[in-house]
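A short write-up of the structure that comes next.
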Number of protein chains: 2
Amino acid sequence: MANSSTTYDDILACARSLIVNGGYNGFSYADVADVVGIRKASIHHHFPSKVDLVRTLVARYREEAKAGMVNLELQVSEPVEQLRLYVGYWEACIADASAPFCVCALLASQLPVLPEEVGVEVQAHFRYLSEWLTSVLERGARQGQLHLVSTPGDEAETFMATVHGAMLSARAYGDPKIFGAVTGQLLERLTSCFPCDENRESDGRKFYDRDEGSST
Amino acid sequence: MANSSTTYDDILACARSLIVNGGYNGFSYADVADVVGIRKASIHHHFPSKVDLVRTLVARYREEAKAGMVNLELQVSEPVEQLRLYVGYWEACIADASAPFCVCALLASQLPVLPEEVGVEVQAHFRYLSEWLTSVLERGARQGQLHLVSTPGDEAETFMATVHGAMLSARAYGDPKIFGAVTGQLLERLTSCFPCDENRESDGRKFYDRDEGSST
DNA sequence: TATAACCTACCATTTGGTAGGTAGTTTTGT
DNA sequence: ACAAAACTACCTACCAAATGGTAGGTTATA
């Protein structure tokens, strides 16, 4: 029951970063053992089975995410700024490669082959994130800061999907900048109330009907 | 060199659907053998190694995708309708669970643990899809059918990211409808030139500042 | 008679997991 | 205060099953 030892945390952290790279079947106890500098059997002492390890890891990830949202809401009160911080957090994680993907997003892609206990935890994260985004968007719309085209709930789903897709593209292209490009546009769309008139956050460029980056 | 036998194709098709479920490390030769009704060693006759199998599979997938785009452009000439068909194709695949995820999108999520030969092929698909979307969006904007907020290239990246993210969410929620909800909104945004005035494809709902689905 | 398409029977390695032991620290009974 | 008991955190040494892959044989067909 004790989790005082740093080894316990090291195993979780190591497994997390390994999962971020290749998902549930993309790492083994041997991989973790090598990185942490411990023997394979010792991992079983802390986490009897792989399912235990990953379930714990995801549960902790979700707690951290929730804490992150709370902290974020304490830092800034404006919905727009909260979205900006949220996106900025990921932009930084991807840029410095410290956590170039959301653990739950990656695991969700493999949901059909995931142990059920892990899958449940992953799904819960999606619901939580969706609810949080819904509340932020709803508030932003009510305050007239955000311009929604659909319900806050649907907009939240689109927001989440776009962010996840942006992570995927950044990985596929091997270029962290793509994440910022996509999410920047996402925020731009939400904050510019009407395409015609500029509003406080516009950065100049607005309308295009001429291309710029199609070759290669 | 011959690929006349249906077994060859069966193996590819089977492996594809297994990959769609759990990625590169989510299936084994034994899994394929079971489904195809063949012995493990026989797969090696057609595909010497797993890398061969998956590389071939992705290459073929890319060819099909390209053929699909060409076919799609033959069916409809309007950029907006082309996007609609593209999204509709995936909506159908997800709804009937025949191919609930893009092979390359799933593999891209595991790019760090993918054999290099496969990774290259996956990246090429992303570039191709991005270029195709860019050209469609650029043409749509020039014809005044689509309303872009950024460059066609950036808009294409956002479009692709959103579609991929929508696949992920549909999987995470275990609900195919979420894909249509997200992509529908994506198209809605692109086709409604100005949020205020309705245009030919509007389906009624436009502005919201009241929630609808936040509980649960 | 060559070859394609399969097979059985292997193989080394890796997988997640167990059994049982040891050194060090805590807790406990007296 | 202090030894016995209990527990934690690790270890070595296994295990069965699964992994991708090979060797070599059989059958049918071109």
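Each chain gets a letter, A, B and so on, in the order its sequence line appears, and its residues count up from 1. Basis for what follows: all heavy atoms, side chains included, without hydrogens, waters or symmetry-related copies.
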What is the separation between atom NE2 on A:His46 and atom P on C:dG16, rounded to the nearest whole Å? 17 Å
B:His44 NE2 - C:dA5 P separation (whole Å): 16 Å
What integer distance in Å separates A:Ile43:CD1 from C:dT15:P? 11 Å
Length of the line joining B:Ile38:CD1 and D:dG20:P, which is rounded to integer Å: 16 Å
Considering only heavy atoms from C-beta outward, does the side chain of A:Val103 approach that of A:Glu64 to under 4.5 Å? no
Here the distance between atom C1' of C:dG16 and atom CG of A:Asn25, to the nearest Å, is 12 Å
Does B:Ser42 have a side-chain nitrogen or oxygen under 4.0 Å from the phosphate oxygens OP1 or OP2 of C:dC7? yes
Would you classify A:Ser28 as touching base, sugar-phosphate or nothing, given that sugar-phosphate means primed atoms plus P, OP1 and OP2, and contacts are heavy atoms under 4.0 Å? sugar-phosphate
Would you please confirm or rule out a distance under 4.0 Å between OP1 or OP2 of D:dA9 and any side-chain N or O of A:His45? yes
Starting from P on D:dA9, measure out to CG on A:Asp10 and report it in whole angstrom. 13 Å
Any side-chain heavy atom of B:Lys50 sitting closer than 4.5 Å to one from B:Tyr24? yes
Rounded off to whole Å, could you give me the CZ-to-P distance for the A:Arg39 and D:dC14 pair? 14 Å
DNA chain C: 5'-proximal contact among A:Ala41 and A:Ala30 (nearest heavy atom): A:Ala30
Would you tell me whether A:Trp132 and A:Gln82 have side-chain atoms, one donor and one acceptor, within less than 3.5 Å of each other? no
Record whether the side chain of B:Lys50 comes under 3.5 Å of the base of D:dG21 through a donor-acceptor pair of N or O atoms. no
Apply side-chain contact (heavy atoms from CB on, under 4.5 Å) to residues B:Val182 and B:Leu186 and explain how you reach the verdict. CA-CA 6 Å; B:Val182 169; B:Leu186 176 66; 5.6 Å; no
Counting any heavy atom closer than 4.0 Å, what does B:Phe47 reach on the DNA or RNA strands: base, sugar-phosphate only, or nothing? nothing
How many whole angstroms separate atom NZ of B:Lys40 from atom P of C:dA12? 14 Å
Beyond-backbone contact of A:Tyr86 with A:Met69, side-chain heavy atoms, under 4.5 angstrom: yes
Short side-chain N/O contact from B:Thr7 to OP1 or OP2 of C:dA5, under 4.0 Å: no
